[in-house]
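A quick write-up on the structure given underneath.
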Amino acid sequence: MDKTYQPEQIESRWYQRWEADGRFAPSGEGAPYSIMIPPPNVTGSLHMGHAFQDTIMDTLTRWRRMQGHNTLWQVGTDHAGIATQMLVERKVAAEEGKSRHDLGRETFIDKVWEWKQESGDHITRQLRRMGASVDWSRERFTMDDGFYQAVQEVFVRLYEDDLIYRGKRLVNWDPTLHTAISDLEVENRDQQGSFWHFRYPLADGVTTDDGKDYLVVATTRPETLLGDTGVAVNPEDPRYAALIGKFITLPLVGRRIPIVADEHADMEKGSGCVKITPAHDFNDYEVGRRQNLPLINVFTQDAAILSEAEAFDIQGRPLPDIDPTLPQAYAGLERFEARQSIIADMEAAGLLEQVEAVNNTLPFGDRSGDIIEPLLTDQWFVAVESLAKPAIEAVEKGDIQFVPKNYENMYFAWMRDLQDWCISRQLWWGHRIPAWYDADGNVYVARSEQEARERHGLAADLELNQDEDVLDTWFSSGLWTFGTLGWPQQTEELKTFHPSSVLVTGFDIIFFWVARMIMLTLKFTGEVPFKQVYVHGLVRDGQGQKMSKSKGNVLDPIDLIDGIELDTLLEKRTGNMMQPQKAKAIAKATRSEFPEGIEPHGTDALRFTFLSQATTGRDIKFDMGRLDGYRNFCNKLWNASRYVLMNAEGEDTGLGDAAVELSLADRWILSRLQQTATQVTRAMEEFRLDHASQALYEFVWNEYCDWYLELSKPVLWDDNAGLDAKRGTRQTLVRVLESILRLAHPMMPYISEEIWQRVAPLAGTHQGDEDSIMAKPWPVADEALLDEDAVRNIEWLKGVIIAVRNIRAEMNIAPGKPLEVLLTKGGSADRERLEANRLFLAKLAKLESLDWLEDPQQAPLSATQLVGEMEVLVPMADLIDKETELARLDKEIGKQDKLIGGIEKKLSNDGFVAKAPAAVVEKERGKLADLQASRRLLMEQRDKIAAL
RNA sequence: AGGACCAUAGCUCAGUUGGUUAGAGCGCCACGUUGACAUCGUGGAGGUCGGCGGUUCAAAUCCGCCUGGUCCUACCA
């Protein structure tokens, strides 16, 4: 074995072996355990968030597999409609200078499939690097044939149950992408804006109570004036009571629009009058519905002004009686140009009363970044009310549990106020909506055109055209848990692995995905999609900033694994930027954070870092320092193993029938191992992977390496130690390490396998060349190996050794200088322990001699430490500096006095003694006694030194 | 506007049902190449647990208010 751990040499080798040996497929035996991977978008590569999430899932999967479950980790990717289409459009534009319209639908879709192939391969390579033990043989894609079938089936059935409908509705329209998007895809951002107050002249010579011949309305979107079909006042508002039912002459347009009474108008705000534009505002749409106002659309799909408006009633039926004329001055103007023109024209007409600066929130498309426009369009919707009810109940009843639980509130709040889901998208990449139209506009929904004809008895020569739109990506990914298992066929896999055990996901897609999966899965399988939802946070950079290309703070998990030169990293972060002006600052920050680039750390160290930071439901600040630390941990484990192998390979490790004698240290470490196994297992069960990793880390480093390996040396290297004892120690060294590797394997698959292959034969758990740690059982604590007596003994031993080390440090004694040490004042147990541990003590504390002093009065002048009742003395008359030592002792005594004072105060409090549990009071008394004893010792010591 | 979460050592974070001398890693200081490991060892310094008030014999932990931060939902005619 190399002297330092070299991850790159082992990782890919083992992954290939596991995969070739079919170790990731379900075993077919044991209780089922399944996780469905949240399918990554085929838009590019996996980022830190994926790496984090995949580490969690792989750790859970490997752990359950070792526990003997029939384990499936289902893998696949998502077609990600908008995101992927945009990406390929950009690519085509850059490479060929063409738009998707130049290519045409079919050619463009072919290009996307090409991209999907390329990108999908990249993603699967990355998953392999992370060590993800997914079942590649079952890999799926949300647009593969099986999903196509599932999607058609779901759509048709929902339609037949009247849960899908089509209609002309006001939707969030993205003028750049030319598609509707759902409420969730809209991001609200604060902006500095203006509030224009306009005068709307009253028609027919009517005046207000105070004699004005106009009403004042205010808007942040003056261009919508063209589509106004009313002005609302509050029914309770005395100022305008007389005007209800009267009319306004809409400026610039000349349309007569009514003044209506509607509670939407807030008497407190502005003038109390509101312009109503039902075709361009969601609130106004509702007012229009209540007040039976017409809807007048004035925008094209680009959000430019139409030359002639389109009027509809609330059902979306055309209203031919309404005059569609619009001022030609605005025709074709883009919305913000139109806004400026309209403001100018209103001002010129003397109708602009004031402009007020305001902060307001604008809706932006999360993909395009364009300002979203409410627009009347024909769209398909899912009626969610009846689907939401059982989905809420499933969580209320506990059939689905969120971890951590507080996300359930977020889920409930959203589900209880759910709006119908707009599922149609005016895109090309996606599942085409299975609806066909004849020339008269009749719609036929079916699984195929052929089925549409058969079911509706349509003539073979009747021309049918399929709906041009595709479905929202989340509609298909909503079927993920059962679609991947073969639904609508009732497959064996579906029976076995559904519902899945746990969904591991970020809080940011609870609404997008989790909620919809629950609704759709309950509807079509009658089962919940998963029993638990483990919600993790976002991976942020070391400063807590979101990682993004534009901030230049992105870390690529592969670079942390393999390392990267500074120059390459700079190129990656500053190359090909949307905002090249930031490149300089980013380069500077990068140079200062990574002056030497990034060293290789290996997959296992990266995974361990993620796990150690995996506090549920909280964002994590990725800490490079911890990554280094856990790389060192891998090295520690590596070198400990080297030590074990050096001492055990070719030696008798107790596999035969020969007698084996276990030392105190052997029994101690075996006992601690059992406790660690219990601890790690419990933490895993509770999804506290940070605790699991920490328990393992502490056991390996602080107990196995720091103490047990040291304690094994005297036995293995001392010629006086018996053969049975040596055999026992070798056996324990090897067995404990073998168990450690199994405990570590779900978290650190590569290094654990690599070492295990060498160690397991010595522990007798390796069965032939084909064997793998993946096939070995998860360690279960053996109660019979718990040994309280050994634990107490080793604690005592450690106490003595630490006492001597303390004295060395305090007295400035060279670490290597052999010392003569006396023990005194203790009880018979201490004397027995001295004899039992003499060998260990002498070696670990580097002692010249170790003796029991019968009469404490005869103690020479010594540096002293207390272990329980017993005193550890290092005689050193000539080494003590009187003044320094007195000062040190006084400081120490002061500390003790403070603690003693605190406890005495507590114990003199009648309330405490009366009300606190007896055990607590006893504990305090015990502490007090200990402190007083040690104080007494310090005082004696002080007196001796003062007397010099 | 409503809600959630967070605030513990210079940094990143643990801290069950209230009882600990409040912990870990990194960083810092001192010493140290003894036959696994300098990606190491030994010892150490460093915290009025964001602030105020309350409940309690006892609060980092429970409750209220405040401050600061992150985020979600809604609204802004």
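Lettering of chains follows the sequences in order, A, B, ..., and the numbering in each one begins at 1. Scope of the values below: all heavy atoms of this structure, side chains included, with no hydrogens, waters or symmetry mates.
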_Below the 4.0 Å mark, does B/rU39 have OP1 or OP2 next to a side-chain nitrogen or oxygen of A/His601?_
no
_Euclidean distance, atom CG of residue A/Asp706 to atom C1' of B/rG41 [Å, nearest integer]_ = 8 Å
*With a 4.0 Å cut-off on heavy atoms, is A/Thr219 in touch with a base, just the backbone sugar-phosphate, or nothing at all?*
sugar-phosphate
_Mate of B/rU73 where both pairing distances stay under 3.5 Å, Watson-Crick or G-U_ = B/rA1
*Which is true for A/Trp196 with a 4.0 Å heavy-atom rule: it touches a base, it touches only sugar-phosphate, or it touches nothing?*
nothing
*Is A/Thr277 touching bases, backbone alone, or none of the nucleic acid, heavy atoms closer than 4.0 Å?*
nothing
*asked:* Please classify the nucleic acid contact of A/Arg688 as base, sugar-phosphate, or nothing, using heavy-atom distances under 4.0 Å.
replied: sugar-phosphate
*Is A/Asn909 touching bases, backbone alone, or none of the nucleic acid, heavy atoms closer than 4.0 Å?*
sugar-phosphate
*For the rings on A/Phe622 and A/Phe52, is their centre-to-centre separation under 6.0 Å?*
no
*asked:* If you go through the side-chain atoms of A/Glu710, does one of them form a donor-acceptor pair with the base of B/rA36 closer than 3.5 Å?
replied: yes
*Should A/Glu651 and A/Lys726 count as an ion pair when the cut-off is N to O under 4.0 Å?*
no
*In whole angstrom, what separates A/Lys798's NZ from B/rG41's P?*
15 Å
*Side-chain donor-acceptor pair present, A/Thr676, A/Gln679, cut-off under 3.5 Å*: no
*NA contact type, A/Lys898, heavy-atom cut-off 4.0 Å: base, sugar-phosphate, or nothing?*
nothing
*asked:* Over all strands shown, is A/Cys705 touching base, sugar-phosphate only, or nothing at heavy-atom distances under 4.0 angstrom?
replied: base
_Regarding A/Leu709, tell me which of base, sugar-phosphate or nothing describes its non-hydrogen contacts under 4.0 Å with the strands shown._
base
_Separation between the C1' atoms of B/rC13 and B/rA60, rounded to whole Å_ = 15 Å
_What's the gap between B/rU39 and B/rG25 when it is taken at their C1' atoms, as a whole Å value?_
14 Å
*Would you mind pulling out the nucleotide paired to B/rA60, Watson-Crick or G-U wobble, both distances under 3.5 Å?*
none
*Could you work out the separation of B/rC75 and B/rC11 based on their P atoms and round it to a whole Å?*
40 Å
_Using every non-hydrogen atom in the two residues, find where A/Asn553 and A/Lys546 come nearest and quote the distance to one decimal._
ND2-O, 3.0 Å
_Quick check: on RNA chain B, is the nucleotide nearest A/Ala814 upstream (toward 5') of the one nearest A/Trp707, or the reverse? Name the residue that is more 5'._
A/Ala814
_Taking only the P atom of each, what is the distance from B/rA22 to B/rG47 in whole angstrom?_
12 Å
*Could you measure between the two P atoms, the one in B/rU16 and the one in B/rG54, and give it in whole Å?*
25 Å
*Identify whether any heavy atom of A/Pro404 sits under 4.0 Å from a base atom; if not, whether one sits that close to sugar-phosphate; answer base, sugar-phosphate or nothing.*
nothing
*Quantified in whole Å, what is the P atom distance between nucleotide B/rG43 and nucleotide B/rC52?*
37 Å
*Is the A/Phe402 to A/Tyr407 ring centre distance short of 6.0 Å?*
no
*Given the C1' atoms of B/rG19 and B/rA24, what is the spacing between them in whole Å?*
22 Å
*Scan A/Asp266 against the nucleic acid and name what it touches under 4.0 Å (heavy atoms): base, sugar-phosphate only, or nothing.*
base
*Remember a base hit wins even if backbone is also touched, and classify A/Lys3 as base, sugar-phosphate or nothing at under 4.0 Å, heavy atoms.*
sugar-phosphate
*Figure out the OH/C1' separation between A/Tyr407 and B/rU70, and round it to whole Å.*
11 Å
*Answer yes or no as to whether B/rG35 has its base stacked against A/Trp717, where stacking requires a ring-centre separation under 5.5 angstrom and planes under 30 degrees apart.*
yes
*For B/rU33, the Watson-Crick or wobble counterpart (both distances under 3.5 Å)*: none
*When you check the phosphate oxygens OP1 and OP2 of B/rU21, does a side-chain N or O of A/Lys927 lie under 4.0 Å from one of them?*
yes
*Rounded to the nearest Å, what distance is computed from the CG atom of residue A/Leu733 to the P atom of nucleotide B/rC37?*
16 Å
*Electrostatic pair A/Glu685:A/Arg682 at N-O distance under 4.0 angstrom*: no
*Would you mind telling me which residue lines up with the more 5' stretch of RNA chain B, A/Met267 or A/Asn188, judged by nearest nucleotide?*
A/Asn188
*NA contact type, A/Ala916, heavy-atom cut-off 4.0 Å: base, sugar-phosphate, or nothing?*
base
_Partner nucleotide of B/rC26 by Watson-Crick or wobble geometry (both distances under 3.5 Å)_ = B/rG10
*Just how far, in rounded Å, is P of B/rU34 from NZ of A/Lys843?*
12 Å
_Taking B/rC37 as the reference, what is the distance to B/rU42 when you measure between their C1' atoms (whole Å, please)?_
15 Å
*Side-chain donor or acceptor of A/Arg805 under 3.5 Å from a matching atom on the base of B/rU42?*
no
*asked:* Less than 4.0 angstrom between a side-chain N/O of A/Lys636 and OP1 or OP2 of B/rG41, yes or no?
replied: yes
*asked:* Partner lookup for B/rU17, please. Criteria are Watson-Crick or G-U wobble with both distances under 3.5 angstrom; report none if nothing qualifies.
replied: none
*Below 4.0 angstrom from OP1 or OP2 of B/rC37, is there any side-chain N or O of A/Arg642?*
yes
*Atom CG of A/Asn632 and atom P of B/rG41: how far apart are they, to the nearest Å?*
9 Å
*Would you please confirm or rule out a distance under 4.0 Å between OP1 or OP2 of B/rA14 and any side-chain N or O of A/Ser612?*
no
*Rounded to whole angstroms, how far apart are CG on A/Asn639 and P on B/rA36?*
10 Å
*Identify whether any heavy atom of A/Glu599 sits under 4.0 Å from a base atom; if not, whether one sits that close to sugar-phosphate; answer base, sugar-phosphate or nothing.*
nothing
*Does a salt bridge link A/Arg221 with A/Glu373, judged by any charged N lying under 4.0 Å from a carboxylate O?*
yes
_Under 4.0 Å, counting only non-hydrogen atoms across every strand here, what does A/Arg808 touch: a base, just sugar-phosphate, or nothing?_
nothing
*Which base, if any, makes a Watson-Crick or G-U wobble pair with B/rU55, both distances under 3.5 Å?*
none
*Test the A/Lys636-A/Tyr704 pair against the cation-pi criterion, namely NZ or CZ under 6.0 angstrom from the six-membered ring centroid and within 45° of the ring axis.*
no
*Starting at atom CG of A/Leu689, determine the distance to atom P of B/rC13, rounded to an integer number of angstrom.*
17 Å
_Take a 6.0 Å sphere around CD of A/Gln192 and say whether it holds more than 12 heavy atoms from other residues, nucleotides or ligands._
yes
